[in-house]
Amino acid sequence: KAGVTQTPRYLIKTRGQQVTLSCSPISGHRSVSWYQQTPGQGLQFLFEYFSETQRNKGNFPGRFSGRQFSNSRSEMNVSTLELGDSALYLCASSGTTGYGDTQYFGPGTRLTVL
Amino acid sequence: KQEVTQIPAALSVPEGENLVLNCSFTDSAIYNLQWFRQDPGKGLTSLLLIQSSQREQTSGRLNASLDKSSGRSTLYIAASQPGDSATYLCAVRFNTDKLIFGTGTRLQVFP
C-alpha cells in the first residue's frame, strides 16, 4: 500500500499571500489530521477530518482552514501568511474510526514565509 | 490542562546499550498512546500503539509499557544501534480528543 503523500514538499511564500497544501491518505483510510511542527512549539494539532466532517480542531486562528473530499483527500489553507507560519506541516491518516487506530504520517510540506 | 512531557530531552549512548525513554501525561483518562520516531527533516514513523486497556506492546527490539494510574509510559530499546539515532515522540489521545505530542527525546547512539 502506498503511504501518505503530501504536495508540495517545499513552498516559499511572502507575507500576506495564501497557500494550499494537499494530503492524500493511505487508501481506505477515512481520518486525516493536520499538524504544524516548529522548533519552538513542537508538534501542534491543527484539525482532524473524518468522512468529510471536521471532528476536532486545535487552537489556531481562523486563517487556518481545511477540508476533506469524498475520496478522503484533504487540503489545508492558510490565508494572509505571517512569518510565524513558517513550519513543517504534517498530515496523518488513520483507518476506520480514527480514534483507536495507528496514525500514519506523510513526509510533510516545508513552508517558508519571507 | 492535558499535557505530555518527555524526559530526558536528549540522550547520547554507546552502541549496544539498553535504554529507556520516558513519557508522562497529566490525565489518566487516555484513549491510547503512540510512540513515533522522527528523523531530521522527515515525517513521523509509527513505532508502537498502546490502547488504554493494554499494559504493553512489543515490536522487535522495542517494548512500550503503559501505566495509566501513574500517568507514565516507557519505551525500552534493547541493544541500541547507530540506526536508532532519531527523535522519539510520545503522543497521547485523551478520550476521543486530539492527539497531544510530547516535546520528544533526541537520541544519539554512537559506534
Side-chain angles (χ1 to χ4, degrees), chain A residues 1-7 9-10 21 23-26 29 31-50 53-60 66 87-112, chain B residues 1-10 23-25 27 29-54 57-59 62 64 66 68 73 75 86-106:
Chain A
K1 260 185 184 179
V4 178
T5 58
Q6 292 186 244
T7 56
R9 294 291 314 279
Y10 302 92
L21 312 182
C23 172
S24 292
I26 291 172
H29 283 190
S31 170
V32 173
S33 299
W34 288 90
Y35 299 85
Q36 181 196 66
Q37 187 176 33
T38 59
Q41 299 296 318
L43 261 161
Q44 292 189 291
F45 172 79
L46 280 156
F47 25 68
E48 177 183 9
Y49 287 89
F50 183 80
T53 300
Q54 187 179 87
R55 189 161 68 173
N56 279 306
K57 189 176 188 302
N59 299 322
F60 278 80
L88 180 66
Y89 289 87
L90 293 162
C91 156
S93 77
S94 57
T96 53
T97 68
Y99 295 134
D101 302 322
T102 298
Q103 298 260 311
Y104 294 94
F105 280 76
T109 294
R110 173 76 61 185
L111 172 64
T112 302
Chain B
K1 184 184 175 186
Q2 294 163 335
E3 292 183 340
V4 180
T5 306
Q6 290 186 249
I7 294 173
C23 172
S24 60
F25 43 92
D27 187 343
I30 75 168
Y31 197 88
N32 57 38
L33 182 148
Q34 196 164 355
W35 283 94
F36 297 88
R37 70 172 277 169
Q38 185 175 30
D39 294 283
K42 302 284 183 63
L44 277 65
T45 300
S46 176
L47 298 173
L48 291 164
L49 169 69
I50 309 177
Q51 303 293 351
S52 63
S53 59
Q54 299 173 320
Q57 284 283 354
T58 298
S59 176
L62 305 179
L66 174 64
K68 289 189 299 179
S73 175
L75 178 67
T87 296
Y88 289 80
L89 293 152
C90 163
V92 178
R93 190 182 291 274
F94 296 99
N95 296 315
T96 57
D97 204 347
K98 56 186 179 288
L99 210 56
I100 297 179
F101 280 83
T103 49
T105 294
R106 191 167 62 252

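Given the structure is predicted, the values throughout are model-derived calculations rather than measurements. Throughout, a chain's letter reflects where its sequence line sits, starting with A, and its residues are numbered from 1.
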Region of [X] in contact with chain B, defined by heavy-atom distances below 4.5 Å:
X     : answer
A:Y35 : side chain
A:Q6  : neither
A:L90 : side chain

Can you measure from [atom1] ([X]) to [atom2] ([Y]) and round to the nearest 0.5 angstrom?
X     : Y      : atom1 : atom2 : result
B:L44 : A:Q37  : CG    : CD    : 6.5 Å
A:S94 : B:R93  : OG    : CZ    : 6.5 Å
B:L49 : A:D101 : CG    : CG    : 8.0 Å
B:K42 : A:L88  : NZ    : CG    : 11.5 Å

Is any side-chain heavy atom of [Y] closer than 4.5 Å to one of [X]?
X     : Y      : result
A:K57 : B:K98  : no
B:Q34 : A:Q103 : yes
A:L43 : B:T103 : no

If you count heavy-atom pairs under 4.5 Å between each of A:F47, A:F45, A:Y104 and chain B, which one has the most?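 Heavy-atom pairs under 4.5 Å are most numerous for A:F45.
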Checking B:L89 against chain A: side chain, backbone, both or neither under 4.5 Å from a heavy atom?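 The answer is the side chain of B:L89.
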Under a 4.5 Å heavy-atom cutoff, which of B:A91, B:G41, B:G43 has the most pairs with chain A?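 Winner by heavy-atom pair count: B:G43.
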